[in-house]
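Below, chains carry the letters A, B, ... as their sequence lines are ordered, and counting in each starts from 1. None of these values were measured; they are calculated from a predicted model.
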Amino acid sequence: MSNKDALADLAAKAADAARQAGADAADAYLTRGRRMSIDVYQGEAELFESAETAGAGIRAFRQGRLGHSYTTDLSEEGLAAAAQVAYQNAAASDPDKFNGLPESAKHSIPAVDLDLTSKDYAGPTTADKIAFALEVEKTALATDSRVTGSESVTYAEEEETVALANTAGFKGAYDRQACYTFADVMAEEKGEIQTGFSYAAGHSLNELDAGTTGREAAERAVLMLGGSAARSATLTAVFDPLVFVQLLTAIAPALNAEAAQKGRSFLAGDVGRRVAAAAFTLIDDGRLPAGLGSAPFDDEGVATQTTPVFEDGVLKTLLYNSYGARAGGTISTGNGRRGSFHSVPGTSPTNMFVKPGETCQTAIIEGIETGIYVMGLQGLHAGVSPVTGQFSAGAYGLRIKSGRLAEPIREVTIASTCAAILKNISAVGSDLRFVPMGASFGSPTVAVDGIVLSGR
Amino acid sequence: MVDQGVLEEVLGVALASGGDFAEVFLERKVTDNLRLEDHKLESFTSGSDRGAGLRVISGAATYFIHTDILEPAALLAAAKDLATAVKAQRGAGHPPSLMRLKLVKPTAEHPVAIPPDKVAQAAKAELARRADAAARRQSKNIQQVTVMLADSVQDIQVANSDGVYGVDKRTLTRIFVFAVTKSGERVESAHEAPGRQGGFELFETFTPEKAGRDAAARAQMLLSAVDAPSGSFPVVLGNGTGGVLFHEASGHGLEADAVRKGASVFAGRIGEAVAAPCVSAADDPSLPNRWGSFALGDEGVPARETLLIEDGILRGFMYDRLTARLAGAEPTPNGRRQSFRHIPIPRMTNTYIKPGHDTLENMLVGIKKGLYAKALGGGEVNPATGDYVFGVTEGYLIENGKIGSPVRGAVLVGNGPQTLLDIQMVGADLDFDAGMCGKAGQSVPAGTGQPSLKIKQLTVGGTGG
């Protein structure tokens, strides 16, 4: 029996323990994994980290009441004790007729290889991984003489087995593997320091390219040297893919059906309406081959699916877990996700991306008389409200003058609303990139008209 | 959790392949979390986490491993793995040496009157319901109220090859109330989230009703707020939550890892004037029962004050053991970790600007057009440049020396070092707020404190003219 099957059996026992404790229904989510990371600094490895982790989260339902508990003790006794606590916790909660396990009709999981692991994952040695990270740093320093050093350069990898079982007969497990590299480097000129960031991910070290990551981080830092605050203006903003991805992470909570049902989404009531520009198509694809947010089933045991969220500017659907689906009189879109075994399933994207167009970034910029190419946003987390859609964030990037990139701009803010940003998208590029930020988010370059830039 | 003798053996094994320093950190943590929304107590989550993190430092390199098992055999196996990793890189090896640990006794105390495990789950639920009811009573425009109540008790044990051995128990209690109001098409939201290093006595001084009322009143007030102006204005920062300004704009740059890598605007500037002469600031985990407080730090350094800025002069940085070792400085209690699964790094505890003598009224005098930022939300800073941004959750126009209409959607954008120099007046009304600070993928409780401040000029980003 594989480790995967053994973990699934353990999950089934844990769910059953909750039923024996008195629960009407229960599920258990178990993960077991290994991760390691290496940080390098000034040509030396400075941090080696390795760990094995395991944990279980158990949900118990009791006459419509929900209780939950978690533990890192995966012995049968440990799980039984946690199941007992989950059952007791249900007593303190209020009944809610939408609570419960997903409908059993959604339990058949299509047997498709989602390419979540790589036979090459285990190949590289620690020395290979150190050499890789050192090469990222070295390339960054060699890219431009103004690059003075790295703030952090990391190579990290993790593999994990996820198992889920419930008392309605669902039992499943899958493995996933992923590797990442991150680089934050500094450039300095005339006493001014700027930083640049790059990132790449894959299923094995072989899929990453040290040179590309090092160079990109270096180029982004150097480009920002010599920047100054700009005057206030209304103009077209061209968002770098890595930046529009950040914007998506801020908008995503508003796509949660439960948030909309409870009055916490600026998109509530907009399903079926054209609320974005026709160029904007947004897809959540839980079955994207090799996607870092892909899985055969979600964290409630519902099969994942490809969900067009916006199609040609029309909001087609919100995202549902089983609770939100029951409350909304529909079926789950397979977006029941747990941040970890510590939490109950909420609703969040899987691989959510803006469908790329056919125009390259250079061509988009060439068509703009005056604008800003946004290379970074600051304070998004504080400045965007998914409830009201108010949007206000610090920004930096390059001025666009007569279709060309010009001098750097910093210490400016962009203020708008999420609704206005979606409506005023004027171009979508072809250069789709993914970044894992909780879920995996992807975007090409996106241009938005009528952005209010405030400066000095 | 584990005998001192076992820890001595574990440290010896960890250093068997060489290294300058070894440490073992053990943790047990139990938590209770509940969430109420839409009048309903949605779920109640309890959990227990336990494990150990072991590290060896050799030169500037750190080797770190963690395990979920607290049995002596598992700890020794982890220590052996660590020594093997050190050996692979360093090639050295010598027999384990014998450690002798000595107990460190911290002097700071954070008494807990009502420990979370002495409060029944039904009683916790009742506190959340009281906050919900108070928020809904406060405003007829309430559309939604979310209440979260969270408590945790963390027991730690830390030992290192310098002979330091210590234990600490940290108890955290916090309530979070989020209110959404609606009038016509307009929707606004606000939150209030008091917390303390302590137990449920929190609710005797800060009642659930007050948390609910404050959140709802702010969300109600925003319904009549005008769009924030954009441009450059004098700004008066309110006491309490305004402390996030110093935390973001300067605090992160005073953490020794950023300083060491030259990624801080304060690197190499000890003894220089970095702020207006009216500004003094410190970090202090020994402040009784503040949100970022503890008795013993995660690296076994007892809680005490670290003076950062004195009358505008830069006096010190916040160190963990590694950065202190590399800089030849004494470690401060700032080596903190989210859990045994994370390495300690320099972090703020309770960071605050010390009180001055001015009053809010005096600060407003002479401002023709400005912003009174009474409460601030989260923010973000680039420590290398000092550029920061943060959101104003409760703000008012200042017109001709008087506080005017409420504004919404304002963000403050500036540069930390410049802002410190631009502080013109410091109030006497020091107050603290509770928050979670994220850095390098780790989240820790951080207290921020500040009296009212007058800042000469800041860029305000808003949607109004």
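Contact of A/R35 with chain B is made through the side chain alone, with heavy-atom distances under 4.5 Å. Only the side chain of A/F341 comes within less than 4.5 Å of a heavy atom in chain B; its backbone stays farther off. Interface remark: B/V381 contributes backbone atoms only to the contact with chain A (heavy atom separation under 4.5 Å). Proximity to chain B is absent for every atom of A/F266, based on heavy atoms less than 4.5 angstrom apart. Contact annotation for A/I130: only side-chain heavy atoms (C-beta onward) come within less than 4.5 Å of a heavy atom of chain B. Within the 4.5 angstrom heavy-atom criterion, only side-chain atoms of A/T126, from C-beta onward, approach chain B. Contacts between A/R59 and chain B at a heavy-atom distance below 4.5 Å are absent for every atom of the residue. For a residue to count as touching a neighbouring chain, one of its non-hydrogen atoms must lie under 4.5 Å from one of that chain's; by this rule A/Q194 touches chain B with backbone and side chain alike. The parts of A/A54 that come within reach of chain B are both its backbone and its side chain, each placing non-hydrogen atoms under 4.5 angstrom from that chain. For a residue to count as touching a neighbouring chain, one of its non-hydrogen atoms must lie under 4.5 Å from one of that chain's; by this rule A/D73 touches chain B with backbone and side chain alike.
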Original post:
Between A/R264 and B/E37, is a salt bridge (charged side-chain N to carboxylate O under 4.0 Å, His left out) present by the stated rule, with each step listed?
Top reply: CA-CA 11 Å; A/R264 285 190 281 106; B/E37 188 173 64; 2.5 Å; yes
Original post:
How far apart are the C-alpha atoms of B/D49 and A/H342, what are their side-chain angles, what is the distance that settles it, and do they pass the side chain to side chain contact (heavy atoms under 4.5 Å, CB included) test?
Top reply: CA-CA 9 Å; B/D49 248 330; A/H342 295 95; 2.9 Å; yes
Subject >> Test log, rule side-chain hydrogen bond (donor to acceptor under 3.5 Å, both in side chains), inputs A/N89 and B/T45 >> reply: CA-CA 7 Å; A/N89 278 349; B/T45 288; over 6 Å; no
**OP:** Dump the intermediate steps for side-chain hydrogen bond (donor to acceptor under 3.5 Å, both in side chains) on A/Y70 and B/T31, then the final yes or no.
**Re:** CA-CA 10 Å; A/Y70 65 83; B/T31 63; 2.6 Å; yes
Original post:
Between A/Q378 and B/N382, does a side chain to side chain contact (heavy atoms under 4.5 Å, CB included) hold up when you go through it step by step?
Top reply: CA-CA 9 Å; A/Q378 269 189 308; B/N382 181 340; 4.0 Å; yes
**OP:** Evaluate the criterion side chain to side chain contact (heavy atoms under 4.5 Å, CB included) for residue pair A/V387 and B/F178; output intermediate values, then yes/no.
**Re:** CA-CA 11 Å; A/V387 178; B/F178 180 76; 3.7 Å; yes
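Taking OG from B/S230 and CD1 from A/I414, the interatomic distance works out to 13.0 Å, rounded to the nearest 0.5 Å. With values rounded to the nearest 0.5 angstrom, B/N33 atom CG is found 10.5 Å from A/H68 atom NE2. The CD atom of A/E411 lies 8.5 Å from the OG1 atom of B/T385; values are rounded to the nearest 0.5 Å.
In terms of heavy-atom pairs under 4.5 Å with chain A, the best-connected choice from B/A60, B/G51, B/A120 is B/A60. In terms of non-hydrogen atom pairs under 4.5 Å with chain A, the most contact-rich of B/Q121, B/Q144, B/H66 is B/H66. Of the residues considered (B/K124, B/Q143, B/R55), B/Q143 shows the highest number of contacts with chain A, using heavy-atom pairs under 4.5 Å.
At most 12 heavy atoms of other shown residues, nucleotides or ligands fall within 6.0 angstrom of atom CD in B/E71.
Closest approach of B/V411 and A/S392 over heavy atoms only: CG2-OG, 3.1 Å. Here the closest heavy-atom approach between residue A/S454 and residue B/G461 is recorded as OG-CA, 4.0 Å. Nearest heavy atom pair, residue A/G394 against residue B/V389, reads CA-CG2, 3.5 Å. When all heavy atoms of A/A92 and B/F44 are compared, the closest pair comes out as CB-CD1, 3.6 Å.
Salt bridge status for B/D68 with A/R32: absent, with no side-chain N to carboxylate O gap under 4.0 Å. Between B/E42 and A/K262 there is a salt bridge, since a side-chain N of the basic residue sits under 4.0 Å from a carboxylate O of the acidic one.
Within the 4.5 Å cutoff, side-chain heavy atoms of A/T72 are placed close to those of B/R50. Side chains of B/R260 and A/Y41 form a contact here, defined as non-hydrogen atoms less than 4.5 Å apart.
When atom types are taken as modelled, the side chain of A/D94 and the backbone of B/L41 share a donor-acceptor pair closer than 3.5 angstrom. In this structure, the side chain of B/K261 engages the main chain of A/E151 through a donor-acceptor pair within 3.5 Å.
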